[in-house]
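For reference, the structure discussed in these notes is given below.
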Amino acid sequence: MAWLQVKDAATAAPGTKATIKGWVRTRRDSKAGLSFIALHDGTCFDAFQIVAPADLPNYESEVQRLTSGCAVEAEGEIVASQGKGQSVELKATALRVVGWVDDPDTYPISQKRHTFEYLRDVAHLRARTNTFGAVARVRHALAMGVHRFFHERGFYWVHTPIVTASDCEGAGQMFRVSTLDALNPARTPEGGVDFTQDFFGREAHLTVSGQLNVETYCCALSRVYTFGPTFRAENSNTSRHLAEFWMIEPEIAFANLADNADLAEAMLKHLFRMLLEERADDMAFFNDRIDNTVIQTLEHLVETPFERMTYTDAVALLQKSGETFEFPVEWGLDLQSEHERCLTEKLVKKPVVLMNYPKDIKAFYMRMNEDGKTVAAMDVLAPRIGEIIGGSQREERLDMLDKRIDEMKLPKENYWWYRDLRRYGTVPHAGFGLGFERLIQFATGMQNIRDVIPFPRTPGSAEF
RNA sequence: UCCCCGAUAGCUCAAUCGGUAGAGCGAGCGGCUGUUAACCGCUAGGUUGUAGGUUCGAGUCCUACUCGGGGAGCCA
């Protein structure tokens with residue numbers, strides 16, 4: 001007998017003989033001589049109704065003892081449903097219990113609503129809930145969408161290293177990777193830790209960005225991207241930060257900042273259009289139970305051109321908005337969360353691409369503009385979650401790059417291979433970084449980033 | 001890391017002026033019903049986050065710590 005997944009069973013023709021396998025969500029008994037079992041197998045949002053008649057040989061001994069979480073295989077025939085809520089159901093001729101819940105009273109995912117905070121403590125079982133099943137499917141759909149988008153446009157996926165020996169971006173705290181004895185490490189004559197004795201012969205860390213590495217492949221394969229785990233040892237305790245997260249970083253050669261912004265906009269539109277189509281079931285749930293504006297927001301984003309604005313214009317717009325802010329708005333200062341939210345949620349009411357920031361608040365590798373005051377940086381700001389994309393055109397002129405490295409007092413020798421790119425066939429290029437979990441947050445309306453990754457790693461928390 | 005708030009039954013919460021612990025859901029048992037957030041009845045379930053302190057007496061007041069939430073910083 002054919003094994004039908006729930007997503008296919010839901011549209012199967014009455015009369016089809018099938019086996020359905022999954023986990024029990026609920027069981028309801030009827031004295032009319034049957035039990036209704038809602039079975040889910042993760043292949044779609046809805047569970048599938050199994051009707052188990054009382055004449056099954058194990059009806060009293062097993063069927064009536066089924067509880068949430070039990071794994072079962074039901075064999076029978078797809079029939080038109082007599083009840084409301086589903087068009088077809090499986091009338092079981094046999095039902096086998098594959099795995100019992102040994103003590104229903106202790107099963108953490110009981111048949112009631114749970115808070116997300118509670119479910120984080122049972123992350124090994126939370127994927128069985130409506131919400132986390134939906135998040136997992138959306139996460140997958142977006143990941144596949146990213147690869148499809150780039151593949152169709154001739155980009156190559158480059159696997160940049162997880163372990164790195166250079167603190168290239170200077171982007172915050174890094175996790176050290178070491179095999180030295182932490183209690184009694186090898187020492188230099190001066191008493192410091194002797195990293196030449198360490199595994200890599202030097203101090204090594206987990207990557208905070210694949211950008212500098214991927215630039216090398218960009219300057220050979222023209223269009224590339226990274227998509228992998230990224231690590232920040234920042235002591236960030238917010239609903240938007242993880243110590244381990246996934247980042248997407250495209251890099252395009254023979255391209256400037258405008259090309260970069262076009263790419264970012266095209267990518268986001270592609271992803272959300274695809275998501276609304278492919279995961280309509282899960283998106284309907286998010287819109288219904290999590291945030292009743294998500295679908296409208298995504299549709300609007302897909303249809304509307306992003307606003308483009310220079311940093312200078314944004315500062316002016318905020319200053320004359322009449323809004324009162326806790327932090328000052330002044331040219332040369334970085335925009336605060338409240339300013340970004342005001343721009344996207346009140347003044348413009350859609351994603352905004354801010355471009356050309358003052359050089360002093362941006363990284364060394366960003367290309368200096370003609371004015372000598374700003375660099376070709378861009379941030380894509382989204383309503384509610386703020387910065388979703390950060391990127392720039394890279395400084396391709398060696399003399400300008402060196403000047404910036406010196407100004408920021410960075411150790412030039414560490415960037416020898418990055419500088420080589422500017423010596424051997426340099427070319428204008430640009431790229432950006434997209435936080436994958438923030439993308440999922442935006443797409444689903446989920447408030448806390450810890451609920452859009454299977455096993456979140458945050459300060460003081462690495463269970464599971 | 002900083003500011004604010006919170007922690008009581010398996011889960012979500014209540015408990016008046018400091019006076020000795022309560023509900024809903026879940027679970028177990030029974031009833032009813034082509035049910036679908038099912039419904040009705042009964043039962044079990046507690047070292048009130050941890051460690052101190054004040055008091056005749058602390059879930060309640062004080063201190064420290066741990067964990068969680070909201071906001072901020074850092075950023076994606």
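The model shown is predicted, which means the values in this text are computed figures rather than measured ones. Throughout, a chain's letter reflects where its sequence line sits, starting with A, and its residues are numbered from 1.
- One interatomic measurement links the two molecules: CD of A/E234 to P of B/rA72, which rounds to 17 Å at whole-angstrom precision.
- Annotated as anti: B/rC39, whose O4'-C1'-N torsion sits more than 90° from 0.
- Between B/rU12 and A/T115, a contact under 4.0 Å exists linking OP1 or OP2 to a side-chain N or O.
- Among pairs with a residue in residues 326-337 of chain A, those fulfilling side chain to side chain donor-acceptor pair (under 3.5 Å) read A/T312-A/W331, at least two apart in sequence or across chains.
- Scanning for ring pair (Phe, Tyr, Trp, His ring centres under 6.0 Å) contacts around A/H114 gives A/Y118, with sequence neighbours left out.
- B/rG73 atom P lies 19 Å from atom CD of A/Q173, rounded to whole Å.
- The strand RNA chain B forms stems, runs of 3 or more Watson-Crick or G-U wobble pairs with distances below 3.5 Å, at B:1-7 with B:66-72, B:10-13 with B:22-25, B:27-31 with B:39-43, B:49-53 with B:61-65.
- Across all strands shown, A/H241 has heavy atoms under 4.0 Å from base atoms, whether or not it also approaches the sugar-phosphate.
- For B/rG57 and B/rC5, the C1' atoms lie 29 Å apart once the distance is rounded to whole Å.
- Here the separation of B/rC3 from B/rU63, taken at their P atoms, is 14 Å to the nearest Å.
- Judged by distance alone with a 3.5 Å cut-off, a donor-acceptor contact links the side chain of A/S236 to the base of B/rC74.
- Rounded to whole Å, the separation between the C1' atoms of B/rU43 and B/rA37 comes to 24 Å.
- When the P atom is compared between B/rC42 and B/rA23, the two are found 11 Å apart, to the nearest whole Å.
- A/R65 meets the salt bridge (Lys or Arg N to Asp or Glu O under 4.0 Å) test with no other residue; sequence neighbours excluded.
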Original post:
Reading nucleotides 66-71 of chain B 5' to 3', which nucleotides get B (base under 4.0 Å from a protein heavy atom), which S (sugar-phosphate only), which -?
Top reply: --SSSB
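- Residue A/F175 qualifies as enclosed at atom CZ: its count of foreign heavy atoms under 6.0 Å is above 12.
- Comparing the same atom, C1', in B/rU8 and in B/rU20 gives a spacing of 15 Å after rounding to whole Å.
- In this structure, A/I109 places its CD1 atom 12 Å from P of B/rU12, rounding to the nearest Å.
- Every pair passing ring pair (Phe, Tyr, Trp, His ring centres under 6.0 Å) that includes a residue from residues 19-67 of chain A is listed here, sequence neighbours excluded: A/F45-A/F285.
- Counting heavy-atom neighbours within 6.0 Å of A/H140 NE2, excluding the residue itself, gives a total of 12 or less.
- For A/E340 and B/rA72, the CD to P distance is 10 Å, given to the nearest whole Å.
- Qualifying salt bridge (Lys or Arg N to Asp or Glu O under 4.0 Å) partners for A/R25, counting only residues two or more places apart in sequence or in other chains: none.
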Subject >> Nucleic acid footprint by protein, nucleotides 31-44 of chain B - heavy-atom cut-off 4.0 Å, B for base, S for sugar-phosphate alone >> reply: -BBBBBBS------
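- Summarising the geometry, the separation between CZ on A/F231 and C1' on B/rC75 is reported as 16 Å, rounded to the nearest angstrom.
- Not counting sequence neighbours, the partners of A/H124 by the ring pair (Phe, Tyr, Trp, His ring centres under 6.0 Å) test are A/F464.
- The same atom, C1', is picked in B/rG46 and in B/rC29; the two are 23 Å apart, to the nearest Å.
- What separates CD of A/E387 from P of B/rG73 is a distance of 12 Å, to the nearest Å.
- Contacts of A/H429 classified as ring pair (Phe, Tyr, Trp, His ring centres under 6.0 Å), with partners at least two apart in sequence or in another chain: none.
- The same atom, P, is picked in B/rU66 and in B/rA9; the two are 22 Å apart, to the nearest Å.
- A/L242 comes within 4.0 angstrom of a nucleotide base, judged by non-hydrogen atoms across all strands.
- Rounded to whole angstrom, the span from the CD1 atom of A/I449 across to the P atom of B/rC75 amounts to 16 Å.
- A side-chain donor-acceptor contact under 3.5 Å links A/Y107 and A/R128.
- Looking at residues two or more places apart in sequence or on another chain, you find a salt bridge (Lys or Arg N to Asp or Glu O under 4.0 Å) between A/K21 and A/E73.
- Distance, A/D103 CG to B/rG28 C1': 10 Å, rounded to whole Å.
- The salt bridge (Lys or Arg N to Asp or Glu O under 4.0 Å) test applied to A/D282 returns A/R137, A/R279, not counting sequence neighbours.
- Of the two residues near RNA chain B, A/E338 and A/W246, the one whose nearest nucleotide lies more 5' is A/E338.
- Comparing the same atom, C1', in B/rG24 and in B/rG70 gives a spacing of 26 Å after rounding to whole Å.
- With a 6.0 Å radius and a threshold of 12 heavy atoms from other residues, nucleotides or ligands, A/K373 has its NZ atom at or below the threshold.
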